[in-house]
Structures are given as C-alpha cells and as structure tokens.
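Letters go in sequence order (proteins before strands), and every chain restarts at 1.
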Amino acid sequence: MKIASWNVNSLNVRLPHLETWLASAKPDVVALQETKLEDTRFPDTAIAAAGYRSVFSGQKTYNGVAILTRMDAPGGGVLDDVQAGIPGFEDAQKRVLAATVNGVRIVDVYVVNGQSVGSEKYAYKLRWLEALHAWLREEMRRYPRLVLLGDFNIAPRDLDVHDPAQWNDDHILTSRPERDALDGLLAQGLHDAFRALNPAERAFSWWDYRQFALRRDLGLRIDLTLVSDMLRAECVAAGIDKEPRTWERPSDHAPAWVQLAG
DNA sequence: ATGGTGGGCTACCCA
C-alpha cells in the first residue's frame, strides 16, 4: 500500500500535474492540501477518470484538503467513516480530513503556517496543534493502524532544513514550540516514516518560489508521513518525488510517499 | 534589513 501526500497549492491550477503524477507514481492513497476549492467545484469527475475516488473538504481561496484512493487498490479504495475537521474544535478553515481505507485510518492535515513567531497566526498554530494532539490520542485508540500525513509546516530537525543557522529556534517552521508540538505527537506513538527509513538523507519537500530556491536547493522537509507503532513495522520504503517541482508552473511542494508491505 | 514569486482575485491576502 503506497500512501502519499502533496500540497498542490490550488488543485484548479495543478490538476494536470496531479493527473500526470497519479499515472506514473500510482499511489493507493493520496492526501492533498491547499486545494483552494469549494466542494461544489472539486474536480471529482476528472479524478474518477484517472481511476481515483475522492473525498474533500474545501473552501474558496484558502486551505482545503482531500483524500484520493485508487479504485483498483485492495478493497477497491473504498473510503469509510469520513470525518472533516477536528471534533469539538470550531474552525472555519478547512485543514483536516480523515477516512478509513483498507483498514488504515488516514488523517490528512494542512497545519497552520503561523506566519512569524509571536504573531496571532502563530498563536493559532500552537492552539490548533494542541487540538490535533488531543484528538489524535482518541483517534489512535480507536484506530491502531493510523497514518497522520500532510503539510505540517514544521521541519522536524536540522537535517530537514538547508540552513540550520537561518532556520533556528526563533524562526517560523522551526521554532522550539512548534518542534515541541511535533515531538508531542511523535511521543504518542507515531514515527516519521521518511526519517525512520532514511536516517541520514537530507531531502526536502518544499522550496520557496522566490530567490531561485529550487535551483539552489534551499528547501525544507515539512511534508511528513507519521505512522503508528503498528504500521511502523510494515514500512518498507519512503521518499520524496522532486520531479513535479521541476515541471512548468509547479506547486511549491513535492509529493512525499511511504510504501507499506502487503 | 529588505524583498524576492505565485495563487487567487481585486485584498489592510496568504504562503
């Protein structure tokens, strides 16, 4: 079972890239972020033509998440117990979507960016991460086979940033409170699949559109796939497909994936 | 220290 995550930065613009990538990578499950589409405008017909079912929770202009499953995957890619948002956490921003696929609980998240340390958006990010943490504790009890994946807007360690001096304790995406929140999730029994399988590999999933960041490889690894204890033993490979980031008019993120045995 | 690019859409935006 191959499970992937991709922040597409507008599915309207990136649909051709998504179709091309689905045809070559053939993931069983894909979690999308920043679809930036109201549900009435979601391209489920085009995605079905590509062989994928879809569930989605979106809004105009900002945010938006979706889960796609391959129809000819084991179990037919049927999506059960679909849940949008964090239960009990009032939030107009569409950042969370969960569904069960072939016995695996998939939790797709578009974590708050936070703008800058100390800003109102930063405070919202930390509050949001607390709510996610509390909900995940329940969700993991209900679904021991669980994958939490998406754009975390947090780079876990120095190995995950191009310049640790710049991306330090006081910088957004790497600040101590953000990394503490991520470590709190990991402490519940989740594992960063990419890092577990590639302990020393410096690889990024996001490069800024500005300053020729891709060409200079000035990136961060902020798109993560966290797997529960039970699934950790089934992870056989994990990687980041840099190629779509090199295509014309790309998303600023590349797809990240993990392969589970069986 | 600033501003660079891109998406969405015309904004005191968000990343």
Side-chain angles (χ1 to χ4, degrees), chain A residues 5-21 31-43 46-47 56-66 85 91-97 108-129 132 149-156 160-163 165-175 177-179 181-182 204-224 240-256:
Chain A
S5 173
W6 194 5
N7 180 323
V8 291
N9 188 16
S10 170
L11 184 53
N12 187 41
V13 172
R14 232 63 69 190
L15 181 60
H17 283 198
L18 177 66
E19 290 169 327
T20 300
W21 182 75
L32 301 179
Q33 304 88 35
E34 284 206 89
T35 55
K36 299 185 175 179
L37 286 175
E38 287 179 304
D39 291 349
T40 52
R41 295 191 56 214
F42 195 89
I47 286 169
F56 36 87
S57 176
Q59 64 187 93
K60 195 164 67 168
T61 309
Y62 306 117
N63 310 308
V65 282
D91 194 355
Q93 304 192 15
K94 307 296 189 186
R95 297 180 172 278
V96 175
L97 188 63
D108 177 15
V109 293
Y110 173 47
V111 176
V112 178
N113 173 285
Q115 193 176 51
S116 59
V117 172
S119 67
E120 270 182 39
K121 287 171 189 169
Y122 184 75
Y124 164 54
K125 181 177 197 171
L126 297 181
R127 273 201 317 276
W128 190 97
L129 285 164
L132 179 70
L149 78 170
D151 177 357
F152 279 72
N153 271 316
I154 303 170
D160 304 307
V161 308
H162 65 91
D163 180 6
Q166 177 191 349
W167 297 93
N168 58 31
D169 281 358
D170 304 315
H171 204 289
I172 194 67
L173 311 190
T174 51
S175 74
E178 292 170 84
R179 284 176 160 172
L182 178 59
F204 307 133
S205 65
W206 171 81
W207 299 260
D208 200 293
Y209 285 121
R210 296 164 283 195
Q211 298 181 310
F212 306 104
L214 179 71
R215 188 194 303 176
R216 300 159 65 199
D217 203 25
L218 307 181
L220 305 180
R221 191 173 68 89
I222 56 176
D223 298 273
L224 311 176
I240 298 167
D241 278 358
K242 194 171 173 179
E243 202 205 324
R245 183 63 180 79
T246 70
W247 294 344
E248 194 179 344
R249 209 180 175 194
S251 167
D252 45 352
H253 295 253

Check for a donor-acceptor pair, side chain of S116(A) on one end and backbone N or O of S119(A) on the other, with a separation under 3.5 Å.
-> no

Carboxylate-amine/guanidinium contact R127(A) D91(A), below 4.0 Å = no

Whole-Å distance between dG6(B) C1' and D208(A) CG?
-> 9 Å

Please state how far atom CD in Q211(A) lies from atom P in dG4(B), giving the value in whole angstrom units.
-> 10 Å

Crowding at NZ, K94(A) (>12 non-hydrogen neighbours, <6.0 Å) | no

5'-most contact on DNA chain B: R210(A) or T35(A), nearest heavy atom basis?
-> R210(A)

Using whole Å, report how far CG of L37(A) lies from C1' of dC9(B).
-> 14 Å

Value in whole Å for how far the P atom of dG6(B) lies from CZ of R14(A) | 10 Å

Give a yes/no on whether any side-chain N or O of R249(A) is located under 4.0 angstrom from OP1 or OP2 of dT5(B).
-> no

Spacing of H253(A) atom NE2 relative to dG6(B) atom C1', expressed in whole Å = 12 Å

More than 12 heavy atoms from other groups under 6.0 Å of CD on E120(A) | no

N/O-N/O pairs, protein side and nucleotides 12-14 of chain B side, under 3.5 Å:
residue : atom : partner : partner atom : Å
dC14(B) : OP2  : K121(A) : NZ           : 3.0

Counting N and O atoms only, with roles assigned by atom type, does the side chain of R245(A) sit under 3.5 Å from a partner on the main chain of P250(A), one being a donor and the other an acceptor?
-> no

Can you check whether A155(A)'s main-chain N or O pairs, donor with acceptor, with R179(A)'s side chain at less than 3.5 Å?
-> yes

W167(A) atom CH2 is separated from dA15(B) atom P, nearest whole Å, by 13 Å

Using both pair distances under 3.5 Å as the test, note the stems of at least 3 consecutive Watson-Crick or G-U pairs that include DNA chain B.
-> B:5-7 with B:13-15

Checking D108(A), N153(A), D151(A), N7(A) against Q33(A) for side chain to side chain donor-acceptor pair (under 3.5 Å), the one that qualifies is D108(A)

For dA15(B) versus dC9(B), give the span between their P atoms, rounded off to a whole number of Å.
-> 15 Å

Using heavy atoms to find the nearest nucleotide of DNA chain B for E34(A) and N12(A) separately, return the residue whose nucleotide is more 5′.
-> N12(A)

Check: S205(A) side chain, I222(A) main-chain N or O, donor-acceptor pair, under 3.5 Å | yes

Taking the same atom, C1', in dA11(B) and in dT2(B), what whole-Å distance lies between them?
-> 22 Å

For N7(A) and dG7(B), give me the distance from atom CG to atom P, rounded to whole Å.
-> 12 Å

Could you give the distance separating dA1(B) and dG6(B) at their C1' atoms, to the nearest angstrom?
-> 23 Å

Hits for salt bridge (Lys or Arg N to Asp or Glu O under 4.0 Å) against D170(A), two or more places apart or cross-chain, chain-then-number order -> none

What integer distance in Å separates L218(A):CG from dG3(B):C1'?
-> 15 Å

